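For clarity, every value in this text was computed on a predicted model and none was experimentally measured.
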Amino acid sequence: MSLISDKFHEKKLEELGINIKTKYFVGNKIYERNTDDSVNDDVVSGIMCEKDYYMGKKLVHKENQFDSRIEYTFISKDMEDTMHKCINCGMESKLEDFVDGCPYCKTKYNIDYTDKDLGSKYHYDRVLKNNSYRIITGIVDLIISIILSFIFIKITSRTFNIVDIYKVFIYGLILSMILYYFFYILDAYIILGPIKKYKDKQNQKQIAFWDRTKIDKKTFFNNLIYEIRKNYYLKKEIIDFDVLDYIEFNDFIKDNIQYIKVIAEVRIVYYNRGKIKSKIKKEEYLLRKNTDEKLILDEGTNVIKCYSCGSSIDVTEEACSYCHRKINYFQEWILEEE
């Protein structure tokens with residue numbers, strides 16, 4: 001369960017004085033939610049578009065690269081009287097009980113991973129906005145501009161001396177500034193074509209995977225994020241993470257239990273010595289289908305009988321306080337320990 005990791009994470013951010021402002025596109029409007037609860041707009045099917053990391057009132061870090069196929073839904077205060085079932089632990093109660101997160105597993109949102117077309121806009125966000133792309137484009141632009149300047153001066157000059165060499169670099173620098181935008185757009189067309197073709201092929205493979213396995217995709221993705229969130233937030237130096245792209249899904253059967261191996265591109269945000277930095281990594285996660293007897297939580301129920309010793313225990317704890325037997329997992333898919 002995520003109770004310990006969530007408390008640890010919230011306490012960690014509070015002690016460090018860090019507030020994460022997350023912005024979402026919902027239609028043509030932008031909504032915001034903050035980790036310090038200063039702003040918590042209702043978000044239904046919102047696409048994450050920006051994260052601002054504040055220390056006190058100072059903006060110290062920003063992220064604006066996200067997977068537009070992931071849609072987030074937070075509990076809306078306008079629907080508090082309707083019934084809701086947590087997609088992770090199965091708790092059913094009125095929505096008003098979930099506004100601050102599920103009372104049992106603490107999940108604050110549901111996510112949906114859509115099969116929308118991977119158009120050029122997606123690749124523009126993922127490639128062209130990347131600083132490394134701008135730097136590489138600038139280097140290519142400068143090299144080509146210097147070569148063009150050299151050819152021009154070599155053809156038009158009777159001699160080629162030290163002055164002409166200086167001219168080559170000066171003219172090349174001026175030309176590169178003039179041509180940079182042209183190269184920026186030209187490179188985009190050259191780069192985006194193969195990337196879009198590859199990503200569309202990759203997306204079709206993922207669609208075929210879900211069609212073949214008949215797995216409830218929404219439940220799986222919620223369980224996956226729920227599990228890796230626990231894993232990351234219990235690490236002292238990690239303050240946030242985002243899955244930027246799901247690269248591959250593979251399933252297999254072992255001892256009559258179904259497993260799914262997920263390869264994903266993940267951005268992990270670290271706090272170290274007063275600075276916030278992020279790093280993009282390729283991560284592998286192995287999840288197994290939960291074949292244990294899952295807990296059934298009724299409305300208002302917080303205490304159950306331990307399966308081992310029969311003692312009354314709080315389901316928000318990770319183990320029985322008497323016999324120390326670990327409480328069964330709520331969710332359908334469980335992250336395997338390394």
Visitor: For the CG atom on Asp211, are there more than 12 heavy atoms of other groups (residues, nucleotides or ligands in this structure) within a distance under 6.0 Å?
Guide: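 Enclosed.
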
Visitor: Measure the spacing between CD1 of Ile151 and OG1 of Thr156 and express it to the nearest 0.5 Å.
Guide: 11.5 Å

Visitor: State which residue, out of Glu63, Gln65, Arg267, fulfils the side-chain hydrogen bond (donor to acceptor under 3.5 Å, both in side chains) condition with Ser278.
Guide: Glu63

Visitor: Go through the steps for Glu15 and Lys12 under the test salt bridge (Lys or Arg N to Asp or Glu O under 4.0 Å), then give the verdict.
Guide: CA-CA 5 Å; Glu15 289 177 349; Lys12 178 168 51 177; over 6 Å; no

Visitor: Tell me yes or no: between the side chains of Ser145 and Asp141, is some donor less than 3.5 Å from an acceptor?
Guide: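 The criterion, which ignores hydrogens and geometry beyond distance, is satisfied for Asp141 and Ser145.
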
Visitor: Answer yes if the side chains of Asp251 and Thr213 hold a donor-acceptor pair under 3.5 Å, and no otherwise.
Guide: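 No.
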
Visitor: Establish, from distance only, whether the side-chain atoms of Tyr232 and Glu283 form a donor-acceptor pair under 3.5 Å.
Guide: yes

Visitor: Aromatic ring centroids of Tyr246 and Phe221 under 6.0 Å?
Guide: yes

Visitor: For residues Lys51 and Phe241, report the shortest heavy-atom separation together with the two atoms involved.
Guide: NZ-O, 3.8 Å

Visitor: Is a donor from one side chain sitting under 3.5 angstrom from an acceptor on the other, for Tyr270 and Asp240?
Guide: no

Visitor: So which heavy atom on Lys289 is nearest to which on Ile257, and how close?
Guide: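 That would be O-CG2, 3.8 Å.
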
Visitor: Do Trp210 and Phe220 have ring centroids that are under 6.0 Å from one another?
Guide: yes

Visitor: Between Ile20 and Ile239, what is the shortest heavy-atom contact and its length?
Guide: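 What the structure gives for the nearest pair is CD1-O, 3.9 Å.
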
Visitor: Check step by step if salt bridge (Lys or Arg N to Asp or Glu O under 4.0 Å) holds for Glu265 and Lys282.
Guide: CA-CA 5 Å; Glu265 186 179 59; Lys282 184 181 286 188; over 6 Å; no

Visitor: Counting neighbours of OH on Tyr166 that are heavy atoms of other residues, nucleotides or ligands and sit closer than 6.0 Å, is the number greater than 12?
Guide: no

Visitor: Can you name the nearest heavy-atom pair linking Asn256 to Ile253, along with the distance?
Guide: CA-CG2, 3.8 Å

Visitor: Testing the basics here: between Glu32 and Val39, what is the closest heavy-atom pair and its distance to 0.1 Å?
Guide: O-CG1, 3.5 Å

Visitor: Before you tell me yes or no, could you show the steps for Asp52 and Lys23 under salt bridge (Lys or Arg N to Asp or Glu O under 4.0 Å), namely the whole-Å CA-CA distance, both residues' side-chain angles and the distance that decides it to 0.1 Å?
Guide: CA-CA 8 Å; Asp52 299 332; Lys23 297 179 181 178; 3.8 Å; yes

